[in-house]
Structures are given as structure tokens and as C-alpha cells.
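Taking it in order: structure first as C-alpha cells, then the write-up.
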Amino acid sequence: MRRSDKKLKKITGAAVGVVALMTGSAVHARAQAFADLKNGLVDYSKADLEPRKACETLGKFKSAEIAQITAASVPAAGMTPAHCRVTGLLSPEIAFEVSLPAKWNGRFYMIGNGGLAGEAMDDPGRVAQRNAALQVGFAFAQTNTGHDARKEPSGSFVLNNPEKATDYAWRAVHLTAVTTRHITKDYYGKPISRAYWNSCSNGGRQGLLEAQRFPQDFDGIIANSPWVDQTGFTVGAMWNQKALTTAPVSPAKLAMVGEKVMAKCDAVDGLKDGLIDDPRKCDFDPRRDVPTCAAGTDGADCLTAPQAEAMAKVYSGPVSNGKPFFPGYMVGSEAVVTGGFGGGSGSGWMNVIVSAQPDRKPADFNLAEGIMRYLVLRPPQADYDYLKFDYDRDIHLLDDWGKQADATNPDLSKFRKRGGKLIVTYGWADTILQPMMGVDYYEQAVAKNGSTTPEFFRLFMAPGMGHCGGGIGPDRHDSMTAMVNWVEKGKAPDSMVASRVADNRVVRTRPLCAYPQVARYSGNGSIDDAANFRCVAP
């Protein structure tokens with residue numbers, strides 16, 4: 001069914017806004033920077049492999065999936081070396097790019113997509129990641145997963161062609177990875193020695209699906225803040241929207257609750273440092289631990305009973321048939337941050353879980369509504385009212401889409417057998433996605449794959465970190481160097497040093513410990529120096 005322009009215009013401007021947030025134009029789709037990788041590679045590899053043919057000849061490369069292909073030489077510019085850029089379409093409409101440096105290190109590096117994808121290949125954030133990979137000699141690849149979000153925002157791409165749902169869910173990434181291997185081998189005359197995936201959010205979901213479905217595609221997969229359970233998130237976002245629409249909570253109240261949370265939870269781990277080490281260890285209840293407004297009042301320094309109940313629902317997550325269905329958000333995620341979604345200072349929940357403007361939908365709900373309307377319901381219902389959703393009766397409406405998009409399968413035996421390595425990171429203060437998705441998935445993987453799971457899969461939780469970065473805790477870490485060392489040197493990462501940067505200077509460092517270990521202060525030296533902490537059992 002081909003949609004009309006009139007129908008497309010019904011998709012709200014807010015939906016377009018969330019596409020911008022959750023795609024490659026925002027930090028939420030980006031991987032952590034290469035950081036120290038360039039230095040780390042020097043001691044055991046050089047980028048000295050050269051192509052065996054002219055770049056432009058790749059414009060004639062053929063495969064069963066390639067519908068269009070062009071190749072052009074790109075001269076060196078600044079720190080970015082000369083390279084061959086191959087672009088085209090994989091049938092039906094999957095845009096892809098493979099960029100091949102003039103001096104290759106034998107490795108392949110691919111990034112994923114944010115939210116409902118559809119990013120332009122030349123998005124500035126994506127270009128920055130491509131250039132960083134080329135600078136250290138990697139072949140680089142990316143895809144838009146089969147649609148252009150500027151023309152088909154939210155999930156509306158399925159109105160034009162229902163097959164695009166499968167391309168978005170998993171097919172496009174796999175086809176791009178396979179195509180990249182063939183093109184790279186043709187260009188250099190040698191196969192890729194090692195392949196790496198490094199991406200965040202929906203890109204983390206894509207990485208996990210690669211490990212689960214196509215274990216041969218990548219040797220090392222880094223899934224930062226992965227969207228493990230897309231359908232569970234969708235139910236949770238509708239749950240939160242209903243609760244907070246019934247009892248709106250102002251920015252001032254959110255900031256006040258954040259202060260109450262920190263006052264009660266900061267020192268639970270034995271160190272008063274402005275960070276909540278593990279929010280699960282703090283028994284905070286807004287109905288009990290925040291002042292209750294006097295009857296008939298609604299001040300900034302208290303919560304009305306309905307407001308306290310609404311916040312409790314966000315923390316606890318949705319309930320179905322009397323049982324917890326999906327995790328909520330962690331205490332500490334509501335803390336005031338600088339440079340959150342929308343810029344400026346305010347609670348991490350603002351514009352993501354709670355709307356700052358009555359006429360605009362918060363980003364999480366907007367994303368979930370698009371998933372529900374276009375990807376879950378068959379046929380799509382562009383005017384579906386989420387208030388119709390019955391949490392006891394309608395949960396299974398999402399089952400079919402979950403089979404396509406959810407990365408919840410804990411069986412990683414095939415990935416492990418072929419030597420694959422997996423690193424998952426998550427911020428405890430994430431407000432875009434629920435951090436317990438990462439914890440629950442890891443624990444399920446250990447239960448399925450056995451006690452030796454850390455031999456190939458490790459989880460790192462970051463106190464105070466938001467979605468893929470940001471927040472109030474140390475949020476910058478070099479998981480890529482850790483991964484290369486693990487895959488190629490057999491050195492498994494027990495910890496990674498994370499930094500917090502303010503005003504262009506490092507103000508705090510802390511070790512991120514392999515879960516379930518946590519960082520504990522030695523009792524000597526600055527609490528802002530990672531050297532004074534060690535990883536121990538909780």
C-alpha cells in the first residue's frame with residue numbers, strides 16, 4: 001500500500017523531533033569514541049595493506065543484493081586519510097556505505113542506528129565516526145536500514161513497503177556486513193581479519209541481534225545501552241505516559257525529588273560522593289520519602305498523592321495481571337543534569353519521560369507510539385490511541401513484532417563457539433532506556449550459557465551515567481581498545497577507566513567494573529581518582 005502525501009502530513013512534528021533525537025544526529029546513536037585505540041594498536045599492527053585495484057572499479061561490483069552501487073576516490077582532508085567511498089542500495093531500498101582507507105589495517109568497523117533509524121549517510125555525527133575509524137586504518141560500513149527518516153518519519157516507512165519492517169529489525173545490518181566483506185576482499189585482495197561492531201541504543205540492539213542471529217558477522221561486538229527489549233520498552237513508555245498525564249509533575253518538583261533521592265541514596269555504598277553506585281540498593285519510595293502536599297495545595301516542595309503515585313509507577317515499571325511486566329527507571333535518573341535532552345539544565349527525565357510543554361510528547365513516548373502504531377499493529381493504525389491499551393489483555397499484541405525486533409535471546413552458544421566477544425555497557429541513570437534491560441539480559445545469558453559466560457561476555461554498569469553518555473557520573477570510556485585487546489590478545493577487560501569531563505577538563509575518573517563487581521574506595525587519596533578504587537564483589 002502506498003501512502004498519500006496527505007496521510008504522511010498527519011505524522012506530527014513531534015514525531016520528526018524524536019527521529020532526530022533517536023537517530024545518528026544525536027549522541028544516543030553514537031558509539032563511545034576510539035579514545036586510546038590508536039596508541040593501543042601500534043604495538044601489534046600497522047595499517048599498511050594497500051588496494052590491488054582502482055577505487056572506481058568497485059562501481060561495477062555485483063552481488064545478488066546490490067541494486068545500485070557507485071565508488072569514488074576521496075582525497076585526504078585534515079586527519080582523515082584518502083579513501084575509497086562505496087555507496088549504493090541493497091534491494092529494496094537499503095542505503096549502505098563502505099569506506100576503504102588507502103592504508104588498511106585488515107580490520108572492519110561498523111556502526112548502527114538510533115531509534116527507528118533512517119539516518120542520512122552524511123549525518124555529521126556519523127561522518128565523525130567514519131573519519132575516526134579511517135584514521136586508524138579500519139574499513140568502515142554503515143546503513144540506514146532501508147528508509148529515509150526525513151521522508152518517512154517514525155515508523156511510517158512500513159506504509160510504503162511492509163518489507164521495510166524486517167529490513168529495519170535485522171536484515172539490513174546483516175546484508176551490509178556481508179556485502180562489506182565481499183567488497184573489501186575484492187578491493188584489497190585479502191579477506192577481513194577481524195570485524196567489530198560498536199554502537200549504542202538501537203545500535204546496541206542491532207549488535208546483540210547480530211550475536212544472536214548471525215554470529216559469523218563480527219568477532220567483537222560492543223553494545224552500549226542496548227535497546228534489548230523494544231516491545232517491553234514500548235509498553236513501559238505507554239505506562240509512564242498514562243501515569244504522568246493523569247498527574248503531571250513539574251520541572252521544579254522533579255528537581256526536588258532528585259535532591260531527596262540523593263540525600264537518601266548517595267552514601268548507601270559507603271561513600272558520599274554525589275553518585276549512586278547501585279540504585280537497587282536504595283529503598284526509595286516517593287510516596288514515603290518525599291513531603292506530601294497539604295490537601296488542596298500543589299507546591300514545588302512537595303508531591304500530591306497522585307503525583308507521588310505516578311512517579312512510583314515510573315520507578316517500578318508496568319504491571320500486567322498483577323505481576324511486574326517490565327522494569328522501570330532507576331532512582332537517580334531524575335537528577336538534574338546539564339546539557340540533557342533539549343539542552344540547558346534540568347531533570348534527566350525532562351523531555352524524555354516527562355514533557356516540558358503540554359502540547360509536545362516526551363521523546364520516549366513519542367518513539368513508543370510510533371512503534372505501536374506502525375510496527376506492532378497490523379494493519380498499521382496511524383491514529384491508534386494508546387489509552388485503549390489494556391495492560392492485562394493487550395500485552396500479546398506485541399508478540400509478533402517482538403520476534404522480529406527484540407534482542408532478548410540469551411543463547412549465545414554459536415557466537416561463543418566461533419570465538420566472538422561481547423561487551424555491554426549501561427548507565428545506571430539512563431532515562432531513554434531502562435538499565436535493567438542490560439542487567440536482566442546479562443543474568444539470563446549467564447543462566448543459559450553457564451558460569452563461564454564472562455569468558456566471552458562482560459557487562460559494565462556506570463553509576464550516574466545517562467543514555468550512552470552524559471548524566472552526572474564518569475561517562476567516557478574506551479571500550480573499543482578493551483575489545484580489540486580481548487579479541488586479538490586474549491586480554492579480557494576486568495575494568496575500564498571512565499572519565500567525567502567538565503569545561504574541557506577531566507574532573508573525575510572511576511573504574512567501571514565487570515558486573516557484578518563494583519568500584520570501592522580504598523580509603524586513601526582523592527575520590528576523584530580511579531587509582532584509589534578497586535573492583536570488588538558487591
Side-chain angles (χ1 to χ4, degrees), residues 14 235-268 272 274 276 279-337 340-342 344-366 368-369 385-394 429 431 434 436 472:
V235 172
M238 292 191 294
W239 170 271
N240 293 340
Q241 182 71 3
K242 183 176 182 179
L244 292 167
T245 299
T246 302
V249 181
S250 69
K253 286 177 180 281
L254 284 177
M256 180 269 296
V257 172
E259 292 175 356
K260 300 297 183 183
V261 168
M262 193 59 69
K264 180 165 186 176
C265 302
D266 183 6
V268 169
K272 194 172 181 62
I276 301 172
R280 298 173 299 178
K281 300 294 180 64
C282 182
D283 178 24
F284 179 87
D285 188 332
R287 295 164 296 195
R288 179 193 64 210
D289 298 321
V290 177
T292 301
C293 297
T297 67
D298 189 9
D301 58 350
C302 59
L303 292 176
T304 66
Q307 289 169 343
E309 185 64 32
M311 293 201 68
K313 286 184 175 181
V314 176
Y315 288 130
S316 63
V319 174
S320 179
N321 294 305
K323 297 180 180 179
F325 175 76
F326 194 71
Y329 290 87
M330 310 307 291
V331 293
S333 61
E334 74 299 294
V336 173
V337 297
F341 178 58
S345 298
S347 167
W349 287 15
M350 291 309 303
N351 297 312
V352 180
I353 299 174
V354 177
S355 179
Q357 302 175 17
D359 60 339
R360 291 186 69 86
K361 301 170 184 177
D364 268 12
F365 171 66
N366 211 347
E369 189 176 52
D385 182 358
Y386 82 102
L387 291 174
K388 296 178 181 179
F389 190 85
D390 187 302
Y391 294 88
D392 294 333
R393 185 189 66 235
D394 295 340
T431 58
Q434 298 88 332
M436 285 303 295
I472 61 174

Looking only at non-hydrogen atoms, find the nearest pair between Ala237 and Ala368 and report the distance. CB-CB, 3.4 Å

pair Met311-Arg287: side-chain heavy atoms closer than 4.5 Å: no

Do any N or O atoms from the side chain of Ser333 and from the backbone of Thr431 form a donor-acceptor pair under 3.5 angstrom? no

Got a sec, which pairs hit salt bridge (Lys or Arg N to Asp or Glu O under 4.0 Å) with one end in residues 313-326, sequence neighbours left out? none

So, do Pro362 and Val354 sit near enough that their side-chain heavy atoms are less than 4.5 Å apart? no

Asp301: which residues meet the side-chain hydrogen bond (donor to acceptor under 3.5 Å, both in side chains) condition with it, sequence neighbours left out? none

Salt bridge (Lys or Arg N to Asp or Glu O under 4.0 Å) against Glu259, all qualifying residues, sequence neighbours excluded: none

Without swapping roles, check the side chain of Ser347 against the backbone of Glu334 for a donor-acceptor pair under 3.5 Å. yes

Residues forming a side chain to side chain contact (heavy atoms under 4.5 Å, CB included) with Ala356, sequence neighbours excluded: Met350, Asn351

Correct closest heavy-atom pair for Ala308 and Leu303 would be CA-CD1, 3.9 Å

By side chain to side chain contact (heavy atoms under 4.5 Å, CB included), Ala335 pairs with (sequence neighbours left out) Ile472

Mind checking side-chain hydrogen bond (donor to acceptor under 3.5 Å, both in side chains) for Thr304 and listing every partner two or more places apart, or none if nothing turns up? Gln307

For Arg280, give me all partners under salt bridge (Lys or Arg N to Asp or Glu O under 4.0 Å), at least two apart in sequence or on another chain. Asp278

Holding to side chain to side chain contact (heavy atoms under 4.5 Å, CB included), I want the full list of residues that pass it with Asp392, two or more places apart in sequence or in another chain. Ser320, Asn321, Asp390

Verify side-chain contact (heavy atoms from CB on, under 4.5 Å) between Phe325 and Val319, making sure each step is shown before the conclusion. CA-CA 5 Å; Phe325 175 76; Val319 174; over 6 Å; no

Please enumerate all residues that pass salt bridge (Lys or Arg N to Asp or Glu O under 4.0 Å) together with Asp289, with sequence neighbours excluded. Lys264

Sorted by chain and residue number, the side-chain hydrogen bond (donor to acceptor under 3.5 Å, both in side chains) partners of Gln434 (sequence neighbours excluded) come out as none

Output a table of donor-acceptor pairs, distance under 3.5 Å, between side-chain atoms of residues 243-252 and any protein atom two or more places apart or on a different chain; print 'none' if there are none.
residue, atom, partner, partner atom, Å
Thr245, OG1, Gln241, O, 2.6
Thr246, OG1, Lys242, O, 2.8
Ser250, OG, Lys253, N, 3.2

SG of Cys282 to CE of Met262: how many Å apart, nearest 0.5 Å? 9.5 Å

Can you tell me if Asp266 uses its side chain to pair, donor with acceptor, with the backbone of Gly274 under 3.5 Å? yes

Lys/Arg N to Asp/Glu carboxylate O, Asp285 vs Lys260, below 4.0 Å: no

Just so I know, are the side chains of Ile276 and Cys265 near enough to count as touching, which here means a heavy-atom distance under 4.5 Å? yes

Output, in order, the C-alpha distance, side-chain angles, deciding distance and verdict of side-chain contact (heavy atoms from CB on, under 4.5 Å) for Phe365 and Ile353. CA-CA 7 Å; Phe365 171 66; Ile353 299 174; over 6 Å; no

In the structure I gave you, are the side-chain heavy atoms of Tyr391 and Trp239 within less than 4.5 Å of one another anywhere? yes

With rounding to the nearest 0.5 angstrom, report the CG to OH distance, Asp364 to Tyr329. 4.0 Å

How would you list all residue pairs meeting ring pair (Phe, Tyr, Trp, His ring centres under 6.0 Å) that involve residues 283-317, not counting sequence neighbours? Tyr315-Trp349

NZ of Lys388 to CE of Met238: how many Å apart, nearest 0.5 Å? 13.0 Å

Would you say the side-chain atoms of Thr297 pair up with the backbone N or O of Gly299, donor to acceptor, closer than 3.5 Å? no

